[in-house]
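Hydrogens, waters and symmetry mates play no part in the numbers below; they use all other heavy atoms, side chains included. By convention in this document, chain letters (A, B, ...) are assigned in the order of the sequence lines, proteins followed by strands, and residues within each chain are numbered from 1.
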Protein chains: 2
Amino acid sequence: MAAVPRETKREILDAAEAMLQERGFNAFSYHHIAERLGVKNAAIHYHFRSKADLGVAVIERYRRRFARWAEKLDAEERDPWLKLEAFFQIYLDFKIRGGKICPSGILQAEYHSIPEEMRASASALIVDLQEWLTGTLAQGREQGAFQFPGEPADQAMVVGATLQGALQIARAWGPERFDTALEQLRRQMRPS
Amino acid sequence: MAAVPRETKREILDAAEAMLQERGFNAFSYHHIAERLGVKNAAIHYHFRSKADLGVAVIERYRRRFARWAEKLDAEERDPWLKLEAFFQIYLDFKIRGGKICPSGILQAEYHSIPEEMRASASALIVDLQEWLTGTLAQGREQGAFQFPGEPADQAMVVGATLQGALQIARAWGPERFDTALEQLRRQMRPS
DNA sequence: GTCTATAGGGAGATAGAC
DNA sequence: GTCTATCTCCCTATAGAC
């Protein structure tokens with residue numbers, strides 16, 4: 001059983017995660033984090049030896065959080081549409097909270113310029129998300145709640161890529177464009 | 001009438017565009033470009049005073065190229081599906097050529113950490129792409145070639161965001177995931 | 001755990017010679 | 001147009017005091 005992270009360590013992870021989603025991994029520094037926390041550069045290095053270590057820790061924490069979220073939702077909610085809407089809500093929250101984009105998206109966009117140690121975690125993250133989506137879509141179609149052609153894994157790619165892409169587009173074209181894309185996904189999958 | 005850009009200037013734009021799509025704007029430097037061209041740092045500054053100027057020039061050249069592409073295609077091709085497939089092919093080429101992602105996507109992902117002067121161009125680019133897609137989808141549905149619910153502009157968001165997002169996902173999860181997403185878009189829009 | 005101080009490197013950018 | 005040389009700044013990272 002892992003110990004509860006001390007306050008500073010958690011605050012560093014929070015700040016790094018926020019800046020990752022706001023500016024990208026290549027556009028924030030230890031100095032930026034230190035400034036936000038009111039400490040000095042070297043304090044961050046005490047908790048995370050290198051920026052690559054910090055990057056991996058941010059991704060792995062996000063993966064654990066999503067796993068807990070999915071486990072709880074799958075246990076408590078039976079309605080496929082409400083499960084999918086809960087997933088949509090994660091992205092709506094990102095949009096609202098300062099125009100963040102999804103961590104998975106920015107890590108893929110910067111995939112060839114982030115430290116090599118982070119890439120395995122970034123890949124594992126998108127697989128986590130897609131597996132949950134695929135399972136939820138499969139279950140929902142069996143129950144007659146969703147309608148779509150092809151396999152659930154195929155539709156999961158369109159849904160996941162649309163959410164990720166539309167969050168990014170919303171930055172350059174206006175937040176309401178994300179809602180447009182979301183509503184179109186709902187229209188496509190609503191049984192006729 | 002603008003003069004034909006000299007060789008070096010064009011080569012700088014080519015290198016910058018490639019690195020933008022491969023690594024992101026924040027992950028390449030004047031030194032990287034100079035090295036690839038076999039010249040020195042300062043030579044790049046002669047052609048583009050600042051990196052922001054270079055960034056704007058790359059985006060504006062891309063926009064002009066897309067406008068010419070669209071004009072030619074709209075004049076020569078009547079079949080809506082073949083027009084859409086030609087658009088898909090742009091993204092397939094990116095995927096094949098070293099795992100590039102679309103310029104629009106990386107600029108949006110880094111939107112809050114690129115020079116302010118570049119943002120207007122980045123926004124104009126996504127509007128160009130979406131306007132062409134919207135027009136093509138509208139025309140195709142009128143002719144009975146496409147099937148989708150909602151408005152053409154709504155479907156254009158899903159198609160555009162899927163292409164952009166799926167190219168990124170393909171990096172972290174395998175190139176074949178892009179083809180999966182593409183095929184699902186075709187299935188969704190094929191008249192039943 | 002956090003600090004000061006600093007090493008060492010890379011970034012964008014400019015001046016002036018050729 | 002391209003070069004050498006250089007400025008200034010910021011970055012990641014470490015050593016050692018407190």
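Rounded to whole Å, the distance from CG on A:N26 to C1' on C:dA11 is 13 Å. Distance, B:I33 CD1 to C:dA13 C1': 14 Å, rounded to whole Å.
Residues that satisfy the side chain to side chain contact (heavy atoms under 4.5 Å, CB included) test with A:E116, not counting sequence neighbours, are A:R119. Take B:E183 and apply the salt bridge (Lys or Arg N to Asp or Glu O under 4.0 Å) test, not counting sequence neighbours, and it matches B:R186, B:R190. Partners of A:E117 under the side chain to side chain contact (heavy atoms under 4.5 Å, CB included) rule, at least two apart in sequence or in another chain, are A:A52, A:V56, A:P115. Listed by chain and number, the residues in a side chain to side chain contact (heavy atoms under 4.5 Å, CB included) with B:K51 are B:F25, B:F28, B:Y30 (sequence neighbours excluded).
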Report task. Toss me the dot-bracket line for DNA chain C: Watson-Crick and G-U wobble, both under 3.5 Å, 5' to 3', using | for pairs to another strand and [ ] for crossers. Result -> ||||||||||||||||||
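Judged as a salt bridge (Lys or Arg N to Asp or Glu O under 4.0 Å), the pairs with a partner in residues 144-173 of chain A (not counting sequence neighbours) are, in order, A:D154-B:R187. Screening residues 138-173 of chain B for ring-ring contact (aromatic ring centres under 6.0 Å, His included), with sequence neighbours left out, gives B:W81-B:F146.
Residue B:L84 holds its CG atom at 11.5 Å from CD of B:E77, rounded to the nearest 0.5 Å.
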Requested in this report: Scan nucleotides 2-17 of chain D nucleotide by nucleotide, 5' to 3', and note B when protein non-hydrogen atoms come under 4.0 Å of the base, S if they reach only the sugar-phosphate, - if neither.
Outcome: BBB------SBBBB--
Could you list the donor-acceptor pairs under 3.5 angstrom formed between side-chain atoms of residues 158-166 of chain A and any protein atom two or more places apart in sequence or on another chain?
from   : atom 1 : to     : atom 2 : distance (Å)
A:T162 : OG1    : A:V158 : O      : 2.6
A:T162 : OG1    : B:T162 : OG1    : 2.8
A:Q164 : NE2    : A:Q108 : OE1    : 2.6
A:Q164 : NE2    : B:Q168 : OE1    : 2.9

